[in-house]
Amino acid sequence: MSTDPPAGVAETIPLWSLTDDSLVEIGEDGSLVVVTRWGEYDFDRAEPLVRESLRRMALGPVSLANVTSSWEPVEREPDLEGELSWTAEGADALRQALKELGGSVVHSLGLADGKGPLLSVIPVVLAPVFEPVEIPAARPIRLSRFCSLRSDADGMGLESPSARYRVVLYQPWAVHVAATLATAKSTGDIATTTGIEAGVVGAIVSYLVAAGVVQIAGEHGRFAEDDDPELGLWSPDELLFHTTSRTWRPGGPADLPGLGKPPVVKAATGEGPVYALYRPDLADRAETDPTLTTLLENDHSCPEFTEGVLSAEQIGEFLFRGARIRSIGPAHMPNGPSHSASQRPYFSVACLYELELYVSVNRCSGLDRGIYHYDPLDHRLSLVNDDESDLDAMLDMAMIGGGNHRRPSALITVTARMPRMASVLGGGAYATTLAHVGALQQTLYLVARAMGLTAHAVPVDAGDRVDRALKLEWPAEVGVGECALDLPA
């Protein structure tokens, strides 16, 4: 990819369009409706200029100056200012419509060379403000420290969780200008070192600043985000994950072909022995269990692992009450496609239930030491790994994560089959999965307390050890949480 500057083309052109997921509907009676990800906008009695501008914007980047100059108005009497009355009315109406549609208006920057935009600035919030200003040639500028630059479907994607827009860089020189801003520079420095026309550099930087992905230094040469105590609490990775998982953006997993509809129950893997588990009498438990209020109002304690030995019956009851499949049937998201779903004791969006449970058994009468997969439909355990070193590594992670000097009697590892979620929820899949992990952890905690056992979520530094020990097919299935099961101290 060449980074040679555009020769002899110094004029930049602002271009406007609507996001790809926007739909413009113009009725025969002149009615105008724009359907966007944020909602449906009805422009009653829209001006002809508004209808024509939005129609063209829905087709791709367009210069609104060209739209207005090519528009043929119906002749009317001049108004008091000597201008055709539609001009002022149409321009005001167009400005108001674009403001109302701000969350779906894409701002692009082009050159007078007919090669398409240099870059596009795409909104990721409902009501962003885009106001490019001229950047002083000597003022230091720099990419936000929260920015990430990576391959996009149409170019290089540039985004920051603190910005109201994400940017797609289409042309090599736009990528080159952005990449030079990893450290503080001025537009004059960039023009000198790259050889790109100063006016083009200034326009690119102006769009990047207006998008919020590039910062301008203050009068003392400091960047505001470096001194912001609240931003200082966040690492770039955590803040980017937070914003992207709470904002479902185009190009997510649901937009990828070939995901299909993964099955409700994970197919059995391996040829290890299978153990049918004990099924308790829930009517009997309902008579003897403590109440929910009693369980919730008892103080929570830090995990203290014992040398106690669990029974296979206890593990069977624990999994039956906390994680089994009660039934399977059809379900669907609101206005979405249908899918097979199951009913289990804990909450899951649309009953997708992408979580899988693995049990690392340390001390248990009736079950050999080893790592097992739990089948929630047939309520049984299948041995997936009997390697002692892998088992010890899993138990050691729980011991360290729980701040103990003993290994727990058993460790429940929770994994997620991501295709199960991504095929329906797209870019919101992983964040929703983490919410499901919390729901499952709370359920397991309450079940253990009701049974006179202890279950504690333990944070572990897993690396790839979980993937190897559980023989997961990464990244289709990934570890997302752990729960130590033991007897009370």
Subject >> Student check: side-chain heavy atoms of Arg164 and Pro123 closer than 4.5 Å >> reply: no
**OP:** Side-chain contact test, heavy atoms from C-beta onward, threshold under 4.5 Å: evaluate it for Asp227 versus Arg222 and give yes or no.
**Re:** yes
Original post:
Quick one: CG on Asn362 to CG on Leu395, what's the gap to the nearest 0.5 Å?
Top reply: 4.5 Å
**OP:** In plain terms, say whether Glu388 and Arg369 are close enough for a salt bridge, that is, a side-chain N and a carboxylate O under 4.0 Å apart.
**Re:** yes
Subject >> Partner of Val106 under side-chain contact (heavy atoms from CB on, under 4.5 Å), chosen from Val168, Thr19, Asp20 >> reply: Thr19
Original post:
When you look at CD of Glu304, are more than 12 heavy atoms from neighbouring residues, nucleotides or ligands closer to it than 6.0 Å?
Top reply: no
Original post:
With distance as the sole test, does Asp386 use its side chain to make a donor-acceptor pair with the main-chain N or O of Ile371 at under 3.5 Å?
Top reply: no
Subject >> is_close_aromatic(Tyr278, Phe320), centroid dist under 6.0 Å >> reply: no
Original post:
Is atom CZ of Arg150 surrounded by more than 12 heavy atoms (other residues, nucleotides or ligands) closer than 6.0 Å?
Top reply: no
Original post:
Under the side-chain contact (heavy atoms from CB on, under 4.5 Å) criterion, do Val177 and Val205 qualify, and how do the steps go?
Top reply: CA-CA 8 Å; Val177 169; Val205 169; 4.1 Å; yes
**OP:** State plainly whether the residues Arg465 and Asp390 are in salt-bridge range, i.e. N to O under 4.0 Å.
**Re:** no
Subject >> Asp226 and Arg142: CA distance, side-chain angles, deciding distance, salt bridge (charged side-chain N to carboxylate O under 4.0 Å, His left out) verdict >> reply: CA-CA 11 Å; Asp226 293 341; Arg142 188 198 70 190; 3.1 Å; yes
Subject >> Basic-acidic side-chain contact under 4.0 Å: Glu477, Lys266 >> reply: yes
Original post:
ring pair (Phe, Tyr, Trp, His ring centres under 6.0 Å) between Tyr372 and Tyr275: does it pass, once the steps are laid out?
Top reply: CA-CA 10 Å; Tyr372 299 82; Tyr275 299 87; 5.7 Å; yes
**OP:** Spell out, as yes or no, whether a donor-acceptor pair under 3.5 Å connects the side chain of Lys471 to the backbone of Val384.
**Re:** yes
Original post:
Among Leu54, Val34, Leu32, Val33, which residue meets the side-chain contact (heavy atoms from CB on, under 4.5 Å) test with Ile26?
Top reply: Leu32
**OP:** Search all heavy atoms of Val50 against all heavy atoms of Ala97 and return the closest pair with its distance.
**Re:** CG1-CB, 4.0 Å
Original post:
Hey, does the side chain of Ser206 reach the backbone of Val133 with a donor-acceptor pair shorter than 3.5 angstrom?
Top reply: yes
**OP:** Supply the atom-to-atom distance Ser360 OG to Leu470 CG, rounded to the nearest 0.5 angstrom.
**Re:** 6.0 Å
Subject >> Check ion pair Asp464-Arg468 (N to O, under 4.0 angstrom) >> reply: yes
Subject >> Exercise: identify the closest heavy-atom pair between Ala489 and Thr306 >> reply: CA-CG2, 3.7 Å
Subject >> Phe305 ring center within less than 6.0 Å of His456 ring center >> reply: no
Original post:
Going by atom types only, do Ser162 and Ser160 share a side-chain donor-acceptor pair under 3.5 Å?
Top reply: yes
Subject >> 4.5 Å side-chain heavy-atom contact, Tyr358 and Met394 >> reply: no
Subject >> Any Val167 side-chain heavy atom under 4.5 Å of Met156 side chain >> reply: no
**OP:** Please answer whether the main-chain N or O of Leu18 pairs with a side-chain N or O of Ser22 as donor and acceptor at a distance below 3.5 Å.
**Re:** no
**OP:** Please confirm whether Tyr165 and Phe130 have ring centers closer than 6.0 angstrom.
**Re:** yes
Original post:
Got a donor-acceptor contact below 3.5 angstrom from the Trp16 side chain to the Pro61 backbone?
Top reply: no
Subject >> Rounded distance [0.5 Å steps], CG in Leu119 versus CG in Leu158 >> reply: 9.5 Å
**OP:** Look at the side chain of Arg363 and the backbone N and O of Gly308, then say whether any donor-acceptor pair between them is shorter than 3.5 Å.
**Re:** yes
Subject >> Option among Arg449, Gln441, Gln442 that satisfies the side-chain hydrogen bond (donor to acceptor under 3.5 Å, both in side chains) test with Tyr445 >> reply: Arg449
Original post:
Checking Thr454 side chain against Asp486 main chain: does a donor-acceptor pair fall under 3.5 Å?
Top reply: yes
**OP:** Might you work through the side-chain hydrogen bond (donor to acceptor under 3.5 Å, both in side chains) test for Ser389 and Asp387, ending with a clear yes or no?
**Re:** CA-CA 6 Å; Ser389 61; Asp387 184 279; 2.3 Å; yes
Original post:
Of all heavy-atom pairs between Leu444 and Gly322, which one has the smallest distance, and what is that distance?
Top reply: CD2-CA, 4.2 Å
Original post:
How far apart are the closest heavy atoms of Ala484 and Pro408, and which atoms are they?
Top reply: CB-CB, 4.0 Å
**OP:** Begin with the C-alpha distance, continue with both residues' side-chain angles, and end with the deciding distance and a verdict on side-chain contact (heavy atoms from CB on, under 4.5 Å) for Glu100 and Tyr41.
**Re:** CA-CA 8 Å; Glu100 198 168 338; Tyr41 297 84; 3.7 Å; yes
Original post:
Given Val213 and Ser144, is the side-chain contact (heavy atoms from CB on, under 4.5 Å) satisfied, shown in steps?
Top reply: CA-CA 6 Å; Val213 296; Ser144 166; 5.7 Å; no
Original post:
CD1/Ile325 to CG/Asp378 distance, rounded to the nearest 0.5 angstrom?
Top reply: 8.5 Å
**OP:** Give a yes or no on whether the backbone of Ala422 and the side-chain of Glu354 come within a donor-acceptor separation of less than 3.5 Å.
**Re:** no
Original post:
Does any N or O in the side chain of His107 come within less than 3.5 Å of the main-chain N or O of Ala211, such that one atom is a donor and the other an acceptor?
Top reply: no
Subject >> Closest non-hydrogen atom pair, Met399 against Arg406 >> reply: CG-O, 3.1 Å
Original post:
Do the side chains of Arg324 and Leu319 get nearer than 4.5 Å, heavy atoms only?
Top reply: no
Subject >> CA sep, side-chain torsions, deciding dist, call: Gln314, Leu485, side-chain contact (heavy atoms from CB on, under 4.5 Å) >> reply: CA-CA 10 Å; Gln314 286 174 316; Leu485 181 65; over 6 Å; no
Original post:
To the nearest 0.5 Å, how far apart are CZ in Arg145 and CG in Leu143?
Top reply: 13.5 Å
Subject >> Whether His436 and Phe347 hold their rings parallel, tilted or perpendicular, with breakpoints at 30° and 60° >> reply: perpendicular
Subject >> Non-hydrogen atoms of Asp289 and Ala450 that approach each other most closely >> reply: OD1-O, 3.9 Å
Subject >> CG on Leu352 to CZ on Arg417, rounded to 0.5 Å >> reply: 10.0 Å
Original post:
Is the backbone of Thr294 close enough, under 3.5 Å, to the side chain of Glu297 for a donor and an acceptor to pair up by distance?
Top reply: no
